[in-house]
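Read through the structure below, which is laid out as structure tokens, and then see the notes.
Worth knowing before you read on, the calculation uses all heavy atoms, side chains too, and leaves out hydrogens, waters and symmetry mates. What you see is a predicted model; the values in this text were computed from it and never measured.
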Amino acid sequence: MLYMKAKSQFVCQQCGASYVKWVGQCSNCGAWNSLVEQVVENTGVGAKSALAKGAVSGKKLDYVKIATIVPSDAKARLLTEFKDLNTVLGGGILMGSVSLLAGQPGMGKSTILMQICATVAKTHNVLYVSGEESAGQVKLRAVRLGADSDRLSFAASTSANDIAKTIETGEFDLVIVDSIQTLAMDEISSAPGTVSQVTNCGNLIIRAAKSTDTAVVIVGHVTKDGTLAGPKVLEHLVDVVLNFEGDRYGGFKTVRAVKNRFGSTNEVAIFEMGEKGLKEVANPSAALLAERTNTDGSIILATLEGNRPILVEIQALATKSNYGYPKRTASGFDLNRLNLLIAVLERRTKLRLSEQDIFVNVVGGMKLNDSAADLAVCMAIASAVAGRKLSDEYVVFGEVGLGGEIRSAFRSDQRIAEAKKLGFSHAIGPATIKDKFVIPVKDLRETLIRYVK
């Protein structure tokens, strides 16, 4: 039986112009790198004549009363060994759901997935499909992590057609696909990892998972700037998108849901890597502050990771610049936000930072995305520049406005509770908080004068 490849064309995502081959710039609208390969639909004479006559292909939908539908949350969930990860997923991996796990190379994606397999395979049939590793390589990791159950199977394949056909058999309750960028469909001639391949392979696997109520977890690669590689449509197709973040060489690693059809996107699971794989961090605040030494440039911030309050150390270092242009470097904190706060410090206080190289570090490999970290960063910089320090009794949180005013912080009650649990005496925070534990401050300059000594 002859097998014909589907025809494809390259379509500009800005203006819709099509080309028979890829070019760097669209000659119609002038956009660069906007051409995406797409499969050509049937536009033959038969199809055109049917459209002209108003004929409609297809059949009547089989519909049901919405009152008779069983809610998705009522279905069974596959629980992992990680309590916090189950919470991030909305209570576990839902049967029939498709989840996408993305992270930097070496972060531990394959490790955490094998640990999930080890737990789920105790009671359910699990298939691990790899397009990147051989059976021997996966076996070594499985033995190290204790995933040697008879209900755990392995297959090495890069064919999306074969994987979808295997899922459609319904033999497995959970299927791991590592990774979507290595898969290819037989009907498309482009290389694996291209937009057309990723989109169509994802569609094929999702349809197979939904038809058999099989839970599927797909691994996705990321680009240099940390965003998910490939088309954005893949994130729209799946049910759950998980980001695996952190420092690959040490420190804490976090898993958070940026999309979740079955639960909240405000939860986070925090892990650290050990000899036996990843393990959850029960008290990250205590671990982050265990080695802290109170010196100038060191401030304790009460922040939030999702809905979870954490105390983390902010370190700042200021040295005289040897060049005409001062250097600003941030690790774990947004560099643009740091430049803005430095400008506020120069304008609203008497600090002169134009001749200072400033370095800011968030201890433990944490990456902050919390506006309430502003006050702690400003106080750390002021402490480093002035050679003074803040008392061990205080934690700090609050947003800093362009006028130097201290603004309110989200979920301040959880931040305060975490600080009390760790034995701190007071918190320096926005004046809008009515709590005896909080020392209210309204202005950045007055705060630095009173408390950085």
Side-chain angles (χ1 to χ4, degrees), residues 1-11 22 36-44 47 57-59 93-102 109-110 113-114 117 124-138 151-221 228-241:
M1 179 179 179
L2 289 175
Y3 187 80
M4 298 183 65
K5 297 281 186 181
K7 294 183 179 180
S8 63
Q9 63 183 2
F10 294 85
V11 180
W22 188 87
V36 173
E37 184 182 17
Q38 296 181 358
V39 177
V40 179
E41 298 180 358
N42 179 22
T43 56
S57 62
K59 62 180 181 179
I93 303 173
L94 188 69
M95 299 300 295
S97 67
V98 180
S99 304
L100 180 64
L101 176 65
K109 300 187 296 296
S110 299
L113 288 176
M114 187 57 72
C117 290
H124 297 80
N125 294 328
V126 181
L127 174 64
Y128 192 106
V129 182
S130 177
E132 301 177 350
E133 297 176 287
S134 66
Q137 290 174 311
V138 175
R151 305 190 73 168
L152 175 59
S153 304
F154 172 80
S157 176
T158 58
S159 172
N161 303 74
D162 296 346
I163 296 172
K165 195 67 176 179
T166 305
I167 295 174
E168 286 178 347
T169 63
E171 297 178 13
F172 301 97
D173 301 299
L174 173 64
V175 176
I176 307 294
V177 181
D178 187 7
S179 63
I180 188 68
Q181 275 78 15
T182 64
L183 303 187
M185 280 183 65
D186 298 336
E187 295 83 358
I188 302 175
S189 59
S190 59
T194 57
V195 171
S196 181
Q197 287 285 14
V198 171
T199 303
N200 287 282
C201 290
N203 262 315
L204 189 63
I205 292 173
I206 290 169
R207 286 200 302 269
K210 300 297 182 183
S211 65
T212 57
D213 215 27
T214 303
V216 176
V217 179
I218 301 173
V219 177
H221 296 171
L228 186 67
K232 196 71 175 178
V233 67
L234 181 62
E235 298 180 55
H236 292 284
L237 291 173
V238 299
D239 300 308
V240 180
V241 180

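- Taking CD1 of Ile180 as the reference point, atom CG of Leu100 lies at 8.0 Å (rounded to 0.5 Å).
- Of all the heavy atoms in Ala191 and Thr194, the pair that sits closest is O-OG1, 2.9 Å.
- Between the OH atom of Tyr128 and the CG atom of Asp178 there is a distance of 4.0 Å, given to the nearest 0.5 Å.
- No side-chain heavy atom of Leu234 sits under 4.5 Å from any side-chain heavy atom of Ile218.
- The structure places CD1 of Ile163 at 8.0 Å from SG of Cys201, a figure rounded to the nearest 0.5 Å.
- For the pair Val216 and Ala209, the tightest heavy-atom approach, listed with the atom from each and the gap, is CG2-CB, 3.6 Å.
- In this structure a side-chain-to-backbone donor-acceptor pair under 3.5 Å is missing from Ser97 to Ile93.
- By the salt bridge (Lys or Arg N to Asp or Glu O under 4.0 Å) test, Glu171 pairs with no residue at all, sequence neighbours left out.
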Worked verdict on Asp239 versus Lys210 for salt bridge (charged side-chain N to carboxylate O under 4.0 Å, His left out):
CA-CA 11 Å; Asp239 300 308; Lys210 300 297 182 183; 2.6 Å; yes
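- Applying the side-chain contact (heavy atoms from CB on, under 4.5 Å) test to Ala135 and every residue at least two apart in sequence or in another chain returns Phe154.
- In this structure, NE2 in His124 is found 6.0 Å from CE in Met95, a value given to the nearest 0.5 Å.
- The two residues Gln197 and Leu183 come nearest to each other via the heavy atoms CB-O, 4.2 Å.
- In this structure, Thr182 and Ser179 have side chains that are in contact, with non-hydrogen atoms separated by less than 4.5 Å.
- Val138 has its side chain within reach of Met114: a pair of non-hydrogen atoms, C-beta onward, lies under 4.5 Å apart.
- Between Ile205 and Val98 the shortest side-chain heavy-atom distance does not fall below 4.5 Å.
- Between the OG atom of Ser157 and the NZ atom of Lys165 there is a distance of 14.5 Å, given to the nearest 0.5 Å.
- Residue Lys109 comes nearest to Ala102 through the heavy atom pair CD-C, 4.0 Å, listed as atom of the first residue, atom of the second, then distance.
- No side-chain heavy atom of Thr158 sits under 4.5 Å from any side-chain heavy atom of Pro192.
- Residues satisfying the side-chain contact (heavy atoms from CB on, under 4.5 Å) criterion with Val126, sequence neighbours excluded, are Cys117, Val120, Ala121, Leu152, Leu174.
- Taken to the nearest 0.5 Å, the CG atom of Asn161 stands 10.5 Å off from the OG1 atom of Thr166.
- Panel note: side chain Asn125, backbone Asp173; no donor-acceptor pair is recorded below 3.5 Å.
- The two residues Glu132 and Gln137 come nearest to each other via the heavy atoms O-OE1, 4.4 Å.
- Among all heavy-atom pairs drawn from Thr199 and Leu237, the shortest one is O-CD1, 4.3 Å.
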